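The structure appears below as structure tokens.
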Amino acid sequence: MPELPEVEVTCQGLAPLITKFVKAVVIRNYSLRWPIPIDLPIILEGQQLLELKRRAKYILARFTKGTLILHLGMSGRLCIMPKGSKPKKHDHVDFVFSDEAVILRYTDPRRFGSILWTKDNPLEHRLLKKLGPEPLEKEFDAEYLECKLKNKKQCIKSSIMDAHNVVGVGNIYASEALFNAGIKPQRKSGQLTRKELQLIVTSIKDIISKAILKGGSTMNDFFDVNGENGYFQNEHKVYGREGKNCYECQSIILQSTLGQRSSFFCNQCQK
DNA sequence: CTGTAGACCTGGAGGC
DNA sequence: TGCCTCCAGGTCTACA
């Protein structure tokens, strides 16, 4: 499910919970990508949610005594539900807030997500410390990318999906951004010109900001915290369109596997 | 250090 | 129906 725009939309949707106090945490399955801290219910009880931020695809929920670090993995979802609604098979965690008619429920069929706790600065956590810049920040520009990808033999699609270079570019938006930039995904990163890198940077910023405005992509199962669909999936120009005609030039969209992930491109529009 | 393959896990789609 | 294989939004870890 979630690429960066989906995580951002989720994070924004949780804002009404800021200032609320945790009454209880109900954990039905501790086994996510990493085990949920066994004492999380004890830790969180009585704490106030002070702030919600996003870094890469992590949601950082700062409480009185520390920060909850949430990652949705491939299939995770956070939904605001009415109190008392029956948990389904993959509803692993409920966060219950005092004096509220709703709970925050974490659902994740594949359990690739994570829910961690830190008393320290979450940005210094081992999972966040080495992350590259946010795509929408100024720091992420052609000069930076050129420096980072110099002499790299890796293909450009794998490079832009590598969170050490830039965060938040997942498999869908990597294909889309490279189509937008007119660059084939299999090109070697180190051989791209400054001008081409500039096109890639601009396309990534463009695609990601548009997707956030549209409320994220709905593949099979993305809904925002209130269960509403995003709309960006209607705007995919190459992702999932193999064998169909390119909207720009009518030639057939191709699919190939790069870095073990399926990639989509137009052989005509992308050089 | 660099690049890639494997791992984690469940469910849905399609073939027979 | 049922069984089998393949595929899926992420990303850490081990290994060559």
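This one's a predicted model, so the numbers in the text were calculated from it and none came from an experiment.
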Check whether any side-chain N or O of [X] sits under 4.0 Å from OP1 or OP2 of [N], and answer yes or no.
X	N	answer
A:His71	C:dT11	yes
A:Arg261	C:dG9	yes
A:His90	B:dG11	yes
A:Lys152	B:dT2	yes

base_contact_polar (B:dC9 base, A:Arg111 side chain, donor-acceptor, <3.5 Å): no

Pair A:Lys23-A:Glu45, salt bridge (Lys or Arg N to Asp or Glu O under 4.0 Å): steps then yes or no: CA-CA 6 Å; A:Lys23 185 179 178 189; A:Glu45 191 183 334; over 6 Å; no

Sugar-phosphate, base or nothing in reach of A:Ser262, heavy atoms under 4.0 Å: sugar-phosphate

So that I can tick it off, tell me whether [Y] and [X] are bridged by a salt bridge, with the cut-off set at under 4.0 angstrom between side-chain N and carboxylate O.
X	Y	answer
A:Glu176	A:Lys237	no
A:Asp94	A:Arg28	yes
A:Lys214	A:Glu235	yes
A:Lys271	A:Glu196	no

Evaluation steps, salt bridge (Lys or Arg N to Asp or Glu O under 4.0 Å), between A:Arg55 and A:Glu134: CA-CA 8 Å; A:Arg55 170 72 176 116; A:Glu134 291 287 326; 2.9 Å; yes

Whole angstrom is fine here: how far is it from [atom1] in [X] over to [atom2] in [N]?
X	N	atom1	atom2	result
A:Arg110	B:dC9	CZ	P	11 Å
A:Leu72	B:dC9	CG	P	19 Å
A:Asp162	B:dC1	CG	P	15 Å
A:Gln260	B:dG3	CD	P	15 Å
A:Ile156	B:dG3	CD1	C1'	15 Å
A:Ile115	C:dG10	CD1	P	18 Å
A:Leu4	C:dT11	CG	C1'	15 Å
A:Tyr30	B:dC9	OH	P	18 Å

Please pick, from [options], the nucleotide with the shortest atom-to-atom distance to any side-chain atom of [X].
X	options	value
A:Tyr58	C:dC12, B:dT2, B:dT10	C:dC12
A:Lys57	B:dT10, C:dG10, C:dT13	C:dG10
A:Arg33	B:dG11, B:dC8, B:dT4	B:dC8
A:Trp34	C:dG9, B:dT4, C:dT13	C:dT13
A:Lys89	B:dG11, C:dT13, B:dT10	B:dG11

A:Lys83 (side chain) donor-acceptor with A:Glu100 (main chain) under 3.5 angstrom: yes

Minimal non-hydrogen separation, A:Val96 against A:Ile103, with atom names: CG2-CG2, 3.9 Å

side-chain contact (heavy atoms from CB on, under 4.5 Å) between A:Leu60 and A:Ile69, intermediate numbers included: CA-CA 5 Å; A:Leu60 305 176; A:Ile69 301 175; 4.0 Å; yes

For [N] and [M], measure between their [atom1] atoms and round to the nearest Å.
N	M	atom1	answer
B:dG6	C:dC6	P	14 Å
B:dG11	C:dC12	C1'	23 Å
C:dA14	B:dC9	P	16 Å
C:dC7	B:dA5	P	15 Å

Close approaches to DNA chain C from residues 119-127 of chain A, in residue order (heavy atom, under 4.0 Å): A:Arg126, A:Leu127

Geometric cation-pi criterion, A:Arg111 with A:Trp34: 6.0 Å, 45°: no

Chi angles and distances behind the side-chain contact (heavy atoms from CB on, under 4.5 Å) call for A:Arg77, A:Leu72: CA-CA 6 Å; A:Arg77 208 160 70 191; A:Leu72 304 178; 5.8 Å; no

Face-to-face contact A:Phe112 to B:dC8 six-ring, under 5.5 Å, under 30°: yes

Intra- and interstrand pairs of DNA chain B - dot-bracket, Watson-Crick/G-U under 3.5 Å, | marks other strand: .|||||||.|||||||

